[in-house]
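Take a look at the structure below.
Residues take their numbers from the sequence shown, with the count starting at 1.
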Amino acid sequence: MSARIPNTSSTNTAASIAAHVRLRRRQRGLSAAEVARLAGLSKATMSAVEAGNGNPTVETLDAIAIALRIPLTDLLSTEYSIESTIQHREPYDPSAPSQQLLHRLGAGRTIEVWHLTLPPNSTLDGVPHSPGTVEHILVNSGSFHAGQTSEPQALSTGDFFLFLADRPHRYVTADKSVDATVIMASPLSV
């Protein structure tokens, strides 16, 4: 009789995904049943994912990520480091076309583009994303403070800001609403 050797790679991956799902769910203040409902999954499926059992499909993990309002890669993990960068809009002639390179994203990342609107006098706290996730914010209209909770930056229409978003971060408006494009770049892992 031969002994079966467990696949420790997939076991470790399942445990890692389970830990990330539980962490992100708790950060959002949701129960597993609430996330299952929002994701259109059965409670049994959600329970299996959080227990690290089975082999969840990408579609299942994507549904969970959408329900938690986070990038899919937040359920996966890797190490990464980057310096925050703010770039104010360069002067331009409004009667002529203008191009300005804001930042070049390297290979080996998952990219998600989000449209962010914030009403006046509001605060939106962002949960820390997976290690190495970088948020790129382009302010379409309005002004607000954004970035890591410990170092928020003042941003105005036309400004571009990028920061490492794997720690607590927030967006705070004053007396006017804000419209921004947020691009999340997360390292590929597992």
Side-chain angles (χ1 to χ4, degrees), residues 9-80 82 105 108-140 144 146-149 152 161-173 177-190:
S9 175
S10 69
T11 302
N12 291 340
T13 299
S16 175
I17 289 170
H20 285 296
V21 169
R22 287 190 307 271
L23 172 68
R24 303 304 178 198
R25 176 179 60 74
R26 289 177 184 141
Q27 288 174 329
R28 288 290 187 210
L30 297 170
S31 69
E34 289 171 311
V35 174
R37 182 183 57 76
L38 291 169
L41 302 172
S42 70
K43 290 180 186 178
T45 297
M46 187 67 191
S47 179
V49 169
E50 285 204 356
N53 297 330
N55 188 12
T57 65
V58 172
E59 290 80 12
T60 297
L61 295 176
D62 189 48
I64 292 169
I66 290 169
L68 293 171
R69 300 183 327 273
I70 60 173
L72 173 60
T73 53
D74 277 14
L75 302 180
L76 311 171
S77 180
T78 190
E79 294 298 318
Y80 189 76
I82 191 167
L105 298 173
R109 297 190 155 275
T110 298
I111 308 297
E112 294 184 359
V113 180
W114 295 73
H115 181 214
L116 175 66
T117 55
L118 299 167
N121 303 307
S122 66
T123 298
L124 174 65
D125 287 318
V127 297
H129 301 298
S130 63
T133 298
V134 178
E135 285 196 21
H136 305 74
I137 301 173
L138 179 60
V139 184
N140 303 319
F144 65 122
Q148 293 176 2
T149 306
F161 177 51
L162 70 89
F163 65 96
L164 191 57
D166 59 4
R167 8 197 108 112
H169 53 283
R170 70 174 28 152
Y171 317 88
V172 181
T173 63
S177 62
V178 167
D179 182 273
T181 301
V182 178
I183 299 172
M184 283 195 237
S186 303
L188 295 175
S189 59
V190 297

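At a threshold of 4.5 Å between non-hydrogen side-chain atoms, the residues Leu164 and His169 do not count as touching. Contact annotation: the side chain of Leu23 never approaches that of Val127 to less than 4.5 Å [non-hydrogen atoms, C-beta and beyond].
Listed here is the closest heavy atom pair of Ala18 and Ala51: CB-C, 4.2 Å. Shortest non-hydrogen contact noted between Leu61 and Val49 is CD2-CG1, 4.3 Å. Nearest approach of Ala36 to Met46, heavy atoms of both residues: CB-CB, 3.8 Å. Closest approach of Thr173 to Asn121, counting heavy atoms only: OG1-N, 3.0 Å.
Each of Val172, Ile137, Leu124 was evaluated against Phe144; a single residue qualifies, Ile137, per the side chain to side chain contact (heavy atoms under 4.5 Å, CB included) test.
Arg22 places a side-chain N or O within 3.5 Å of a backbone atom of Glu50 that can act as its donor or acceptor partner. With hydrogens and angles ignored, the 3.5 Å screen pairs a side-chain donor or acceptor of Asp166 with a backbone N or O of Gly132. A distance-only check finds a donor-acceptor pair linking the side chain of His136 to the backbone of Ile183 [under 3.5 Å]. Here the side chain of Arg25 pairs a donor or acceptor atom with the backbone of Leu30 at under 3.5 angstrom.
Interatomic distance, CG of Asp179 versus CG of Leu118, reported as 9.0 Å (0.5 Å rounding). Between atom OG1 of residue Thr133 and atom CE of residue Met184 there is a gap of 8.0 Å, rounded to the nearest 0.5 Å. Here the CG-CD1 distance, from Asp62 to Ile66, works out to 4.0 Å after rounding to the nearest 0.5 Å. Taken from CD1 in Ile70 to CZ in Arg24, the straight-line distance is 6.0 Å, to the nearest 0.5 Å.
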Please walk me through it: do Val139 and Phe161 pass side-chain contact (heavy atoms from CB on, under 4.5 Å)? CA-CA 9 Å; Val139 184; Phe161 177 51; over 6 Å; no

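Under 4.0 Å is where a charged nitrogen must lie from a carboxylate oxygen, and between Arg28 and Glu34 no such pair does.
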